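Please read these numbers as outputs of a predicted model, since none were measured by experiment. Throughout, numbering of the chain's residues begins at 1 and tracks the sequence.
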Amino acid sequence: KVAVQHKASGLSVAGLSAEVPVSWNSKEQGNGKFAVEAIEAGGVKLANVSGTLGVADMKADFTVAAEPLPGAKVSVEGTLDASRGTPQGTARLSLPLFKLEDENALSRLVPALKGLAASGTFGLEGFARLAGGQVRPTLTLTVLDGAFKSKQWEADADGVFATVRLNSLA
């Protein structure tokens, strides 16, 4: 197991283990597996991330699975291709509906949401495309019987039912 840190970006990975087949100008070897005990990026901390990864020539196929909050089982499946100079790729994300009962769990997970109390049932589906050096997401967030409170944002909402389409994470 190894640890990796990139201070400039705020990325750190601990407890990384991987078996990744790599093929070059030959038959693809299929996907291997990886596991990460802890990863932190932009103040967001995740534990127990796992998945598959295979590299053939300049193309990588991957899957990722994690449970960032109790019951919130997120999965990502995608491809990254660097064979044409500028990396390009696609990824599909799925977070089936889950119930968030601890209203402070989301703000503990994402420091930028400090002070936000949120509860209800949430789900997220979508994909992201990497092209021309830019990530272009298309995500659909579903909220069922949500409650949101924040003194800092002067917000208080109960009984929220919504479907929101996100085309940017900026």
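Hydrophobic clustering (side-chain heavy atoms under 4.5 Å, transitive across Ile, Leu, Val, Met, Phe, Trp, Tyr) groups V164 together with L95. Linking Ile, Leu, Val, Met, Phe, Trp and Tyr residues whenever their side-chain heavy atoms come within less than 4.5 Å leaves F122 and L144 in two separate clusters. Linking ILVMFWY residues whenever their side-chain heavy atoms come closer than 4.5 Å, directly or via other members, leaves L80 and V22 in distinct clusters. Follow the hydrophobic side-chain contacts under 4.5 Å out from L16 and you reach L11 in the same cluster.
Within the 4.5 Å cutoff, the side chain of K149 has heavy atoms near those of the D158 side chain. Between P87 and L130, the closest side-chain pair of non-hydrogen atoms falls below 4.5 Å. Using a 4.5 Å heavy-atom cutoff, the side chains of F148 and V160 are in contact. Between V76 and F62, some side-chain heavy-atom pair lies under the 4.5 Å cut-off. The shortest side-chain heavy-atom distance between K33 and N31 does not fall under the 4.5 Å cut-off. The side-chain heavy atoms of S75 and L93, taken from C-beta on, include no pair separated by under 4.5 Å. Contact annotation: the side chain of S23 never approaches that of P21 to less than 4.5 Å [non-hydrogen atoms, C-beta and beyond]. Inter-residue side-chain proximity for D145 and T121 is flagged as unmet; no heavy-atom pair is nearer than 4.5 Å.
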Requested in this report: Evaluate the criterion side-chain contact (heavy atoms from CB on, under 4.5 Å) for residue pair N48 and E67; output intermediate values, then yes/no.
Outcome: CA-CA 8 Å; N48 302 318; E67 190 171 351; over 6 Å; no
Query raised in the report: Run the salt bridge (charged side-chain N to carboxylate O under 4.0 Å, His left out) check on D156 and K151 step by step: do they pass?
Result: CA-CA 8 Å; D156 189 349; K151 289 180 183 177; over 6 Å; no
Requested in this report: For T63 and T52, run side chain to side chain donor-acceptor pair (under 3.5 Å): C-alpha distance rounded to whole Å, both residues' side-chain angles, the deciding distance at 0.1 Å, then the answer.
Outcome: CA-CA 5 Å; T63 64; T52 63; 2.6 Å; yes
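Heavy atoms only, all atoms of each residue included: F34 and L53 are closest at CD2-CB, 4.3 Å. When all heavy atoms are compared, the tightest approach of L139 to G126 is CD2-CA, 3.9 Å. Contact detail for V135 and P137: the closest heavy-atom pair is O-CD, 3.5 Å. Of all non-hydrogen atoms in P68 and L46, the two that sit nearest each other are CB-CD2, 3.4 Å.
The closest donor-acceptor contact from the side chain of S9 to the backbone of H6 lies under 3.5 Å. Although no hydrogens or angles enter the test, the distance criterion places no donor-acceptor pair under 3.5 Å between the side chain of T163 and the main chain of T142.
Few gaps surround CD on Q5; more than 12 heavy atoms of other groups in view lie less than 6.0 Å from it. Residue E77 places its CD atom among 12 or fewer non-hydrogen atoms of other residues, nucleotides or ligands, all under 6.0 Å distant.
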Show every donor-acceptor pair shorter than 3.5 Å between a side-chain atom in residues 97-118 and any protein atom, with sequence neighbours excluded, or say none if there are none.
| residue | atom | partner | partner atom | Å |
| --- | --- | --- | --- | --- |
| D102 | OD1 | N104 | N | 3.0 |
| D102 | OD2 | R108 | NH2 | 2.4 |
| S107 | OG | N104 | O | 3.1 |

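Rounding to the nearest 0.5 Å gives a distance of 10.0 Å between OG1 of T90 and CG of D81. Here the straight-line distance linking atom CG of L124 with atom CG of L141 works out to 6.0 Å at 0.5 Å rounding. To the nearest 0.5 Å, the span separating CD on Q88 from NZ on K59 amounts to 10.5 Å.
Within the structure, the salt bridge (Lys or Arg N to Asp or Glu O under 4.0 Å) test picks out no pair touching residues 116-140 (sequence neighbours left out).
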